[in-house]
Amino acid sequence: MIDGKGWRSGAEVEKRKLNQWFLKITDFAEELLEGLGSLENWPDKVRLMQENWIGKSKGLEFAFDLSNGDTLPVYTTRPDTIFGASFVAVAADHPVAQAVDSDEARAFIAECKKGGTTAAELETAEKLGFDTGITAKHPFTGADLPVYIANFVLMDYGTGAIMAVPGHDQRDYDFAIKYGLPIMRVIAASADEADAPLTEAEAGDGICVNSGFLDGMGVEDAKVAIISRIEATGAGEGKTVWRLRDWGVSRQRYWGTPIPFIHCASCGVVPVPKDQLPVTLPPAEDPHVDFSVPGNPLLRHPTWKNTTCPRCGGKAERETDTLDTFVNSSWYFLRFASQPADKAFDAGEIAAWMPVDQYIGGIEHAILHLLYARFWTRALAHIGLIDVKEPFASLFTQGMVTHETYGRKIDGREVWYSPAEVERSSDGATLKEDGQPVTIGKVIKMSKSKKNVVDPEDIIAQYGADAVRWFMLSDSPPERDLPWSESGIEGCARFVQRLWRLFGEVDAAAGGEDKALARKTHQTIAAVAADIEALAFNKAVARLYELTSAAEKAAPSADRNAAIRAILLMVSPMMPHLAEEGWAKLGESGLVAETAWPAVDPALLVEDEVTIAVQHKGKLRDTLTAPKGASKEALEALALASEKVQRSLDGAEIRKVIVVPDRLVNIVT
RNA sequence: GCCCCCGUGGCGGAAUUGGUAGACGCGCUCGACUCAAAAUCGAGUUUCUACGGAAGUGCCGGUUCGACUCCGGCCGGGGGCACCA
């Protein structure tokens with residue numbers, strides 16, 4: 001949406017009231033929150049985002065008695081600050097606000113509704129209020145608190161009304177300053193500071209002051225005390241409030257799953273009977289499915305929605321809203337795991353295959369898709385259709401491919417150009433078409449709207465799919481965003497050639513050992529396997545470069561032949577075509593793809609010599625080789641025998657020597 | 001504003017989680033081969049250096065024999081949420 005209009009159609013965007021279908025995900029809020037704890041193999045970041053999205057808060061809901069005889073329930077997470085309440089505020093949509101019978105009040109409410117919804121507008125929006133003239137009786141002090149309509153109070157969170165404590169909430173503080181309302185301190189670091197002036201709201205921890213029977217209590221104790229006191233009077237109760245809302249699944253569009261309900265004038269909303277499921281869309285080729293006009297083609301279709309009420313048999317209409325596509329992605333993995341032709345999925349197969357061992361997706365799905373899928377799975381478990389509760393045992397969020405953007409402002413509108421249309425040099429970019437400069441914009445996720453996309457087909461055609469695959473895996477770790485650049489692809493294409501040459505150097509007649517190369521080979525096999533398991537492809541690639549260099553330099557031997565064969569097997573997941581060709585070249589039969597990962601000889605994984613770093617005063621002075629497992633004494637003696645170390649010591653008195661076996665010696669003087 | 005993550009050469013990035021910072025790749029420089037170029041091969045490539053060394057992982061400080069790694073404060077970048085009481 002741009003300037004209140006759709007970015008594509010330019011249509012005015014407006015708020016409308018619609019009757020829509022919702023799924024009651026809020027009933028699962030507690031479960032979904034608790035379940036996060038069991039998802040150890042999910043990134044902390046994603047778990048935290050879901051936790052914040054669910055947004056559990058514990059507090060107190062209680063009612064004020066109003067001067068007009070009504071009661072006004074409010075919700076607060078800081079009941080401990082109740083003695084600091086100096087006014088009460090309600091949302092513009094609140095019944096109390098709506099009931100104020102004055103033109104000024106109606107004008108103010110209208111003003112509140114106009115307020116923008118963008119981040120910038122909300123951030124800078126001034127706190128505005130309207131004094132209703134009504135007062136609320138403070139349940140403990142008996143004071144009459146003014147009731148305001150305030151633009152910063154939300155109708156759909158809590159009760160739509162708050163007790164305002166300016167001393168300890170910044171919004172209330174700003175409001176109180178503007179309207180000259182009292183600001184009292186009721187939380188302080190210590191009792192001595194009970195009357196310390198407030199220059200801003202202090203939302204932190206402390207003890208209660210100026211708070212009657214709460215005085216001296218810590219924040220948490222005071223919350224418990226006040227809640228039980230209010231509960232005893234019957235004016236309210238401790239309550240948990242969630243940020244999570246129900247999931248609106250209605251879409252006014254054709255491309256979606258029909259929502260299987262029927263509207264009957266006499267029976268109301270009636271579910272489509274099971275034996276008539278699924279409700280299918282009229283085919284898109286149907287001439288009555290008309291996309292040429294905005295709006296939902298189903299609504300305009302002359303016959304599709306006409307049906308009979310399953311209950312009374314009378315004339316009725318189908319629901320024309322379709323389901324959000326997130327619904328489909330909430331359970332497709334169950335379908336993938338089992339493919340019975342006659343039903344959605346097979347519980348036995350699900351039990352065998354689910355949960356998904358390794359789920360991979362972009363971080364942009366951290367909340368919606370992944371939360372909905374968790375909800376859907378739990379809902380199915382609740383009604384006994386499946387046994388699993390969490391769909392994805394392990395989650396990996398890969399980064400996005402990013403690219404510079406190129407654009408120009410033409411008549412005040414931004415026009416974007418694709419990298420293919422642009423000539424990029426070190427000091428700028430020009431449009432190929434006219435040779436004139438274009439502005440180089442931010443490096444952002446590739447998107448069609450910004451045109452900063454590259455077509456992999458082009459470089460595949462030039463370098464081959466193997467080189468491109470290798471290139472994409474070689475540099476950035478997959479969880480990180482990858483700024484697309486083709487500057488490394490040449491090197492990858494070179495590597496393909498190097499490997500091909502190396503595969504030709506297997507010498508069946510060569511005999512003899514190459515202990516060092518054999519060791520390196522086996523270490524690489526073990527390390528690459530571990531890297532691949534950890535999805536650290538860039539590290540696996542680096543190790544394969546190293547082993548390849550070593551094999552190239554080695555003299556022919558049986559061990560070298562084995563090394564080359566191992567390299568081929570190890571690169572095969574990344575460069576399958578090259579590997580299969582090479583396999584044939586080696587005279588092997590069958591496919592690499594069907595060949596087992598090379599075996600590791602554990603005896604060859606350990607070095608018998610290690611490099612020891614020698615430090616003096618924490619700085620590296622020398623390195624030396626020592627047999628693996630050498631004693632501390634031997635290493636110390638070896639270190640002190642070093643000429644470089646002696647020069648650095650320069651006769652100073654040795655106070656201490658720290659020896660880390662197989663690693664280093666640090667001499668402290 | 002709140003919450004979270006990240007700052008390492010010219011670039012992408014390594015560093016067994018407190019133990020040789022800069023692996024590997026790209027780029028660049030020099031050399032070999034060539035009439036020449038491409039390809040290929042070899043050497044070098046953090047900075048400064050009186051060639052002994054010294055400094056160095058965003059900045060300032062701390063803990064430690066030893067800090068890219070841990071702690072405190074700042075600066076910069078990115079992401080999420082957003083007037084949620």
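Just so it is clear: chains get the letters A, B, ... in the order the sequence lines come, proteins before strands, and each one is counted from 1.
Applying the ring-ring contact (aromatic ring centres under 6.0 Å, His included) rule to A:Phe22 yields no partners; only residues at least two apart in sequence or on another chain are considered. Residues satisfying the ring-ring contact (aromatic ring centres under 6.0 Å, His included) test with A:Phe375, not counting sequence neighbours, are A:Phe28. With sequence neighbours left out, A:Thr669 forms a side chain to side chain donor-acceptor pair (under 3.5 Å) with A:His616. Not a single side chain to side chain donor-acceptor pair (under 3.5 Å) links A:Glu364 to another residue, sequence neighbours left out. With sequence neighbours excluded, the residues forming a side chain to side chain donor-acceptor pair (under 3.5 Å) with A:Ser642 are A:Asp622, listed by chain and number. In terms of the side chain to side chain donor-acceptor pair (under 3.5 Å) criterion, A:Gln646 has no residue partners (sequence neighbours excluded).
One finds a side-chain N or O of A:Tyr157 lying less than 4.0 angstrom from the OP1 or OP2 phosphate oxygen of B:rA85.
Sorted by first and then second residue, the side chain to side chain donor-acceptor pair (under 3.5 Å) pairs involving residues 528-541 of chain A (not counting sequence neighbours) are A:Asp531-A:Arg543. Among residues at least two apart or in separate chains, there is no salt bridge (charged side-chain N to carboxylate O under 4.0 Å, His left out) pair with a member in residues 482-495 of chain A.
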Quiz item: Pairing of RNA chain B as dot-bracket, 5' to 3': ( ) intra-strand, [ ] crossing, | other strand, . unpaired, with Watson-Crick or G-U pairs under 3.5 Å?
Solution: (((((((..(((......[....)))((((((.......))))))(((....)))..(((((..]....))))))))))))....

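Within residues 79-88 of chain A, no residue is approached by RNA chain B to less than 4.0 Å at the level of any non-hydrogen atom.
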Practice problem: Summarise protein proximity over nucleotides 11-17 of chain B in one line of letters, 5' to 3': B for base, S for sugar-phosphate only, - for none, counting protein heavy atoms closer than 4.0 Å. | Solution: -BSSSB-

Quiz prompt | Protein proximity profile, nucleotides 40-53 of chain B - base contact B, sugar-phosphate-only contact S, no contact -, cut-off 4.0 Å on heavy atoms | solution = S-S---------SS

